[in-house]
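These notes concern the structure reproduced below.
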Protein chains: 2
Amino acid sequence: MKQFTKHNTRNSLRRIFLYHGLLLRLKSMGVTRVFSYTLAESAGVTPEQVRKDFSEYCIRGNRRGGYLTASLLDEMEVLFRRDRVTNVILVGMGNLGQALSKYGLFIQRGINIVATFDIDPYKQKSRADNQVYSPERMQEIIDRFHVTVAIVAVPDVSAQEVCNELIGMGIRGIVNFAPVLPRVPAYVVVNNVNLSDEIESVIWSVSRMREKQSLFL
Amino acid sequence: MKQFTKHNTRNSLRRIFLYHGLLLRLKSMGVTRVFSYTLAESAGVTPEQVRKDFSEYCIRGNRRGGYLTASLLDEMEVLFRRDRVTNVILVGMGNLGQALSKYGLFIQRGINIVATFDIDPYKQKSRADNQVYSPERMQEIIDRFHVTVAIVAVPDVSAQEVCNELIGMGIRGIVNFAPVLPRVPAYVVVNNVNLSDEIESVIWSVSRMREKQSLFL
DNA sequence: GGATTAATGTGAAACAATTCACAAAACATA
DNA sequence: TATGTTTTGTGAATTGTTTCACATTAATCC
Ligand SMILES: NC(=O)c1ccc[n+]([C@@H]2O[C@H](COP(=O)([O-])OP(=O)(O)OC[C@H]3O[C@@H](n4cnc5c(N)ncnc54)[C@H](O)[C@@H]3O)[C@@H](O)[C@H]2O)c1
Ligand SMILES: NC(=O)c1ccc[n+]([C@@H]2O[C@H](COP(=O)([O-])OP(=O)(O)OC[C@H]3O[C@@H](n4cnc5c(N)ncnc54)[C@H](O)[C@@H]3O)[C@@H](O)[C@H]2O)c1
């Protein structure tokens with residue numbers, strides 16, 4: 001088991017995933033060799049940052065030669081268990097849940113949505129591409145596919161309850177799209193994604209920028 | 001125009017939006033008064049952090065009395081131009097675009113999607129609830145509704161091109177869902193949301209946690 | 001092979017964010 | 001009005017992150 005030298009930070013982890021995505025694209029474009037400044041450029045950070053991040057996860061290149069795209073990807077994928085696909089489940093097949101479940105490129109990133117759930121019987125209709133289960137079958141499916149990560153796309157009022165149930169059934173990681181922060185035990189990882197906030201913060205930054213600008217007119 | 005005392009940080013801005021969302025919920029639950037520790041609890045941060053954040057944006061409460069939910073919300077909404085609704089457009093009506101366009105609660109957060117666009121003529125069919133325009137009409141609609149912010153939900157290969165066009169038409173803020181970082185001039189704000197990364201980082205944190213745990217077994 | 005060049009890798013320095021600690025204010029109570 | 005209590009607001013200390021500066025390494029070119 002590889003040991004990381006230092007306490008790896010939340011930020012550097014985020015960026016590692018960013019680099020990974022960029023590398024996949026670069027590879028598909030036929031780029032065989034990258035340099036810290038290549039990645040830095042596409043990722044919008046400094047070259048030092050890229051190297052420091054790699055360093056933190058014990059990923060190393062060739063001095064002078066940069067990094068070979070393919071072997072860098074290999075190394076990252078082994079390191080991050082991306083060498084095999086991870087089964088996840090998705091709870092809440094409303095607007096957002098359906099969009100996520102139809103997204104074809106998750107599998108390229110090693111994310112396999114093995115089953116989706118909804119309490120609404122109307123949504124549980126089975127079509128060839130898209131079987132939506134009743135939550136009653138959740139435990140069975142979690143066990144069968146060794147699922148440890150779930151995506152939660154239910155309304156805010158149900159989110160805490162759904163998270164509690166999932167954790168009781170063995171889920172240890174949750175990506176939560178409801179605009180509440182679920183309370184969970186310390187051994188469970190939660191990532192809250194709030195799309196309204198993402199949009200609002202841009203709106204606000206733009207209006208701030210305009211104000212500042214108007215001072216110079 | 002209110003001046004902020006210090007260089008406000010990216011993180012504190014994020015949290016301010018988080019607090020705002022939480023406050024809306026608290027208010028709707030009939031809570032009239034909150035304390036820094038109330039918010040801290042729901043936001044998963046320390047009370048000092050909440051107060052520091054407020055302090056940074058010149059939001060103040062009553063010593064001993066905490067904050068009145070309603071007036072705190074008022075203050076935040078005025079401060080963040082949330083007192084009026086902002087018109088935004090949405091480009092790319094695929095899986096994700098459709099989910100976003102159907103989301104009914106954006107308007108509660110002052111986000112009004114005034115028009116959606118797609119190059120696919122099949123998606124441009126007009127239904128009562130959901131008119132999808134051809135990109136040809138973008139300039140006209142941006143001008144008519146004074147739109148400065150756009151949501152981009154097109155495939156990665158089109159994202160840069162779409163961003164360029166939008167900026168040329170006067171857009172100054174972009175929420176980008178494509179897994180690429182568009183290159184934009186300094187006067188344009190971009191917020192990149194990468195849903196694959198969000199899921200992957202949870203998968204990885206869970207697998208790391210399990211490894212660490214297994215050392216103790 | 002030695003000099004030159006172009007990259008990485010990383011400790012040290014600078015900067016940023018968070019937590020601590022406590023003074024200042026507001027309210028309640030007598 | 002004095003006293004005690006509660007909670008805010010914030011400078012100072014701490015902790016975390018990024019940038020800088022340069023030693024180190026590998027390839028290339030006389
Ligand atoms: N759609 C968006 O663009 C968007 C934007 C911002 C935030 N969100 C948030 O994401 C979440 C999902 O959004 P949406 O638009 O898909 O909502 P939605 O109402 O369309 O879908 C929610 C689904 O969850 C199901 N559900 C409710 N309780 C459940 C339970 N206990 N177990 C299983 N399924 C349950 C419902 O039947 C419904 O199908 C919400 O919390 C919403 O606030 C969505
Ligand atoms: N759906 C998801 O859950 C999900 C998850 C992660 C990332 N993403 C990313 O979000 C983006 C959208 O995802 P999606 O699943 O909705 O994709 P999609 O392919 O379903 O939809 C993309 C839409 O954009 C339209 N389009 C293409 N070029 C255009 C242009 N120049 N102008 C206007 N419209 C154009 C297409 O006609 C299509 O309707 C993609 O970049 C995708 O990688 C989506």
Side-chain angles (χ1 to χ4, degrees), chain A residues 2-19 22-23 26 31-73 75-76 79 181 201 205, chain B residues 2-19 22-23 26 31-73 75-76 79 181 201 205:
Chain A
K2 196 172 264 183
Q3 281 297 315
F4 300 123
T5 42
K6 292 189 179 175
H7 37 61
N8 48 70
T9 65
R10 189 154 214 84
N11 285 356
S12 70
L13 179 57
R14 276 204 108 67
R15 284 192 301 267
I16 290 278
F17 287 109
L18 176 58
Y19 304 147
L22 297 169
L23 281 167
L26 288 171
V31 178
T32 58
R33 172 168 288 173
V34 297
F35 302 105
S36 58
Y37 58 79
T38 323
L39 278 170
E41 168 90 332
S42 352
V45 300
T46 64
E48 296 82 5
Q49 182 84 85
V50 173
R51 299 201 297 274
K52 255 285 199 274
D53 288 338
F54 282 178
S55 164
E56 200 150 359
Y57 289 91
C58 304
I59 293 170
R60 35 204 63 216
N62 318 16
R63 295 194 193 218
R64 171 109 197 218
Y67 307 82
L68 294 175
T69 315
S71 62
L72 188 51
L73 271 170
E75 202 167 350
M76 288 177 96
L79 195 56
L181 304 192
S201 75
S205 297
Chain B
K2 197 172 264 185
Q3 283 297 315
F4 301 122
T5 42
K6 291 189 180 177
H7 38 60
N8 50 69
T9 66
R10 190 155 213 83
N11 285 356
S12 69
L13 179 58
R14 276 203 108 68
R15 284 191 301 267
I16 289 280
F17 286 109
L18 176 58
Y19 304 148
L22 297 169
L23 280 167
L26 288 171
V31 178
T32 59
R33 171 169 288 174
V34 297
F35 302 105
S36 58
Y37 58 79
T38 322
L39 278 170
E41 169 90 331
S42 351
V45 299
T46 63
E48 295 82 5
Q49 182 82 87
V50 173
R51 297 202 298 271
K52 258 279 201 277
D53 289 337
F54 282 177
S55 165
E56 200 149 359
Y57 288 90
C58 304
I59 293 169
R60 36 203 62 218
N62 319 18
R63 294 193 194 220
R64 168 113 196 217
Y67 307 82
L68 293 176
T69 315
S71 63
L72 188 50
L73 271 169
E75 203 168 348
M76 287 176 97
L79 196 55
L181 304 192
S201 74
S205 297

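Basis for what follows: all heavy atoms, side chains included, without hydrogens, waters or symmetry-related copies. Reminder, nothing fancy here: chain letters follow the sequence lines and each chain counts from 1.
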Sugar-phosphate only, base, or nothing, as touched by R15(B) at under 4.0 Å among non-hydrogen atoms: sugar-phosphate
E48(A), nearest nucleotide to its side chain (from dA7(C), dC20(D), dG9(D)): dC20(D)
Donor-acceptor pairs are to be reported for all side-chain atoms of residues 43-50 of chain A against protein atoms at under 3.5 Å, with residues two or more places apart or in another chain.
unit_1	atom_1	unit_2	atom_2	d
T46(A)	OG1	E48(A)	OE1	3.3
T46(A)	OG1	Q49(A)	N	3.2

Listed once per pair and sorted, the salt bridge (charged side-chain N to carboxylate O under 4.0 Å, His left out) pairs that draw on residues 59-73 of chain A, sequence neighbours left out: none
Between P of dT8(C) and OH of Y37(A), the distance in whole Å: 7 Å
Phosphate OP1/OP2 of dA16(C) contacted by N11(B) side-chain N/O (<4.0 Å): no
Residues that S71(B) engages under side chain to side chain contact (heavy atoms under 4.5 Å, CB included), provided they are two or more places apart: L68(B)
Given dT8(C), dT18(D), dT8(D), the nucleotide with the shortest approach to the side chain of S36(B): dT8(D)
With L181(A) via side chain to side chain contact (heavy atoms under 4.5 Å, CB included) - residues at least two apart: N192(A), L18(B)
Closest nucleotide among dA17(C), dT19(C), dT10(C) to the R60(A) side chain: dT10(C)
Whole angstrom value for the distance that separates P of dT17(D) from CG of D53(A): 11 Å
Value in whole Å for how far the P atom of dA17(C) lies from CZ of R14(B): 13 Å
Provide a list of protein-nucleic acid N or O atom pairs under 3.5 angstrom, restricted to nucleotides 24-26 of chain C.
unit_1	atom_1	unit_2	atom_2	d
dA24(C)	N3	R63(B)	NH1	2.8
dA26(C)	O4'	R63(B)	O	3.1

Under-4.0 Å side-chain N/O to phosphate OP1/OP2 contact, S55(A) with dT10(C): yes
Nucleotide dT18(C), atom P - distance to CZ of R51(B) in whole Å: 15 Å
N/O (side chain, Q49(A)) to phosphate O (OP1/OP2, dT17(D)) under 4.0 Å: no
Non-neighbouring partners of Y67(A) that pass ring pair (Phe, Tyr, Trp, His ring centres under 6.0 Å), sequence neighbours left out: F54(A)
Short side-chain N/O contact to dG9(C) OP1/OP2 from Y57(A), under 4.0 Å: no
Any side-chain heavy-atom pair of L39(A) and L23(A) under 4.5 Å: yes
Nearest-angstrom distance from the residue atom CD of E56(A) to C1' of dT17(D): 9 Å
Between C1' of dT8(C) and CZ of F35(A), the distance in whole Å: 11 Å
Reference residue L26(A); test side chain to side chain contact (heavy atoms under 4.5 Å, CB included); the match among L72(A), T32(A), V31(A): V31(A)
Touch class at under 4.0 angstrom, heavy-atom based, for F54(A) against every strand present: nothing
Separation of atom CD1 in I59(A) from atom C1' in dT8(C), rounded to whole Å: 14 Å
Separation of atom CZ in R33(A) from atom P in dA6(C), rounded to whole Å: 15 Å
